[in-house]
Amino acid sequence: MKNRTGIMVAVSIILIIISSQIPSYESKALGALQQLLLGLGLVGCLLAMWKFMKSGGKKKNN
């Protein structure tokens, strides 16, 4: 499950980078797409951070 958090962070960062490359001044649809991708990227980062903090509190008994 640790790998999933890393993948989620990577995908979120990629979405944020893609959203910054969209020329939103050309049309309203591209601006909306940019905001959607940025929102998804930020939500993904927050979810990954929450899962990381949640799993950090649990100790393994070996």
Side-chain angles (χ1 to χ4, degrees):
M1 288 291 176
K2 286 183 181 181
N3 219 5
R4 261 179 109 182
T5 304
I7 291 171
M8 187 180 295
V9 170
V11 169
S12 299
I13 290 171
I14 290 170
L15 284 174
I16 292 170
I17 291 171
I18 290 171
S19 73
S20 69
Q21 300 300 314
I22 296 174
S24 61
Y25 55 85
E26 293 181 5
S27 74
K28 290 182 182 180
L30 287 177
L33 178 63
Q34 182 182 35
Q35 292 298 316
L36 181 67
L37 288 175
L38 182 61
L40 286 174
L42 290 175
V43 168
C45 281
L46 290 174
L47 284 174
M49 189 171 62
W50 181 62
K51 284 185 179 183
F52 177 74
M53 290 183 345
K54 189 173 139 182
S55 67
K58 296 178 183 175
K59 293 184 178 179
K60 292 183 179 179
N61 294 328
N62 289 336

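Positions are given from 1 along the sequence.
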State which residues pass side chain to side chain contact (heavy atoms under 4.5 Å, CB included) with Leu40; sequence neighbours excluded, sorted by chain then number. Leu15, Leu36
Output all residues satisfying side chain to side chain contact (heavy atoms under 4.5 Å, CB included) with Ile13, sequence neighbours left out; order by chain, then residue number. Val9, Ile17
Pair up each side-chain donor or acceptor in residues 42-49 with any protein partner under 3.5 Å, not counting sequence neighbours, and list the distances.
none

